[in-house]
Amino acid sequence: MYCRNCGNTMSENQAVCLSCGVKKGNGNTYCPNCGTNVNPEADYCTSCGVSLRKGLGASLVGGGVNDQNKLILILVCLFLGEFGIHNFILGETKKGIFRIIMSLCCGIGYILALIDLVKIALDTYEVNPNKLI
Ligand SMILES: [Zn+2]
Ligand SMILES: [Zn+2]
């Protein structure tokens with residue numbers, strides 16, 4: 001397979017591209033199947049016909065919220081949101097750790113999770129790994 005960000009060859013069990021450091025499946029400029037430079041908006045590779053829409057696995061790690069993982073995120077948020085698990089899934093590690101501390105110290109993690117839940121449901125949730133709240 002090829003890195004979706006730089007088109008460099010990478011092996012199936014490699015988690016991160018050794019050439020550009022981007023996580024496997026992230027990026028949208030190269031076809032993972034044939035390595036052709038593709039339009040970032042393209043749904044299918046014009047060269048080999050493979051689907052370029054991110055699979056559930058790839059989109060759950062750092063790919064933000066989309067229709068495919070929205071339901072899963074809502075469920076995770078509902079049951080585990082208190083501990084920021086949905087933040088970790090979205091790649092927002094800082095936020096996730098902050099949530100755990102908030103839950104352990106003053107028990108407001110669940111309130112923050114409910115706010116996220118509403119935002120995810122309304123499609124207004126913005127993934128930002130640098131923000132705490
Ligand atoms: Zn790369
Ligand atoms: Zn292709």
Side-chain angles (χ1 to χ4, degrees):
M1 70 176 294
Y2 298 86
C3 172
R4 293 225 57 199
N5 184 57
C6 71
N8 198 48
T9 327
M10 58 193 284
S11 81
E12 289 290 342
N13 44 29
Q14 224 172 294
V16 172
C17 171
L18 296 179
S19 171
C20 66
V22 165
K23 267 189 236 161
K24 181 163 86 178
N26 280 8
N28 55 8
T29 38
Y30 288 89
C31 170
N33 186 50
C34 66
T36 306
N37 197 341
V38 292
N39 185 323
E41 299 299 318
D43 283 348
Y44 293 91
C45 171
T46 48
S47 174
C48 69
V50 91
S51 172
L52 297 173
R53 288 193 167 261
K54 283 183 174 183
L56 199 54
S59 57
L60 278 177
V61 182
V65 183
N66 62 25
D67 286 346
Q68 282 179 319
N69 63 27
K70 194 169 151 182
L71 188 65
I72 293 173
L73 279 170
I74 287 174
L75 291 174
V76 170
C77 209
L78 196 60
F79 296 108
L80 302 164
E82 195 176 353
F83 304 105
I85 305 301
H86 60 291
N87 298 117
F88 287 112
I89 291 175
L90 289 167
E92 302 173 303
T93 317
K94 275 189 209 168
K95 217 190 253 188
I97 293 168
F98 183 72
R99 289 294 162 83
I100 294 173
I101 296 168
M102 275 303 167
S103 290
L104 295 178
C105 294
C106 42
I108 66 162
Y110 197 67
I111 296 164
L112 295 173
L114 280 180
I115 296 169
D116 284 353
L117 181 73
V118 172
K119 282 186 187 171
I120 290 169
L122 297 175
D123 286 325
T124 54
Y125 190 86
E126 278 181 42
V127 179
N128 187 340
N130 298 315
K131 274 169 73 175
L132 284 180
I133 298 177

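Every heavy atom of this structure was used, including side-chain atoms; hydrogens, water molecules and symmetry mates were not. Bear in mind that the values here come from a model prediction, so they are computed numbers and not experimental data. Remember, it's 1-based here, ligands and their atoms both numbered in the order they're listed.
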When you measure from the side chain of Arg4 to the backbone N and O of Val22, does any donor-acceptor pair fall under 3.5 Å?
no
**Single-linkage hydrophobic cluster Ile97~Val127, side-chain heavy atoms < 4.5 angstrom** = yes
Starting from Val118, can I reach Val76 by hopping between I/L/V/M/F/W/Y residues whose side chains sit under 4.5 Å apart?
no
Look only at the side chain of Arg99 and the backbone of Phe83, and say whether a donor-acceptor pair between them is shorter than 3.5 Å.
no
Under 2.8 Å from the Zn ion (ligand 2), the protein N, O or S atoms found are Cys31 SG, Cys34 SG, Cys45 SG, Cys48 SG
Angle subtended at the Zn ion (ligand 1) by Cys17 SG and Cys20 SG, to the nearest 10 degrees, is 110°
* Is any side-chain heavy atom of Cys3 closer than 4.5 Å to a side-chain heavy atom of Cys20? -> yes
Next on the checklist: I want to check something: taking the side chain as every heavy atom from C-beta on, are Pro32 and Leu52 in contact at a cut-off of under 4.5 Å?
Outcome noted: yes
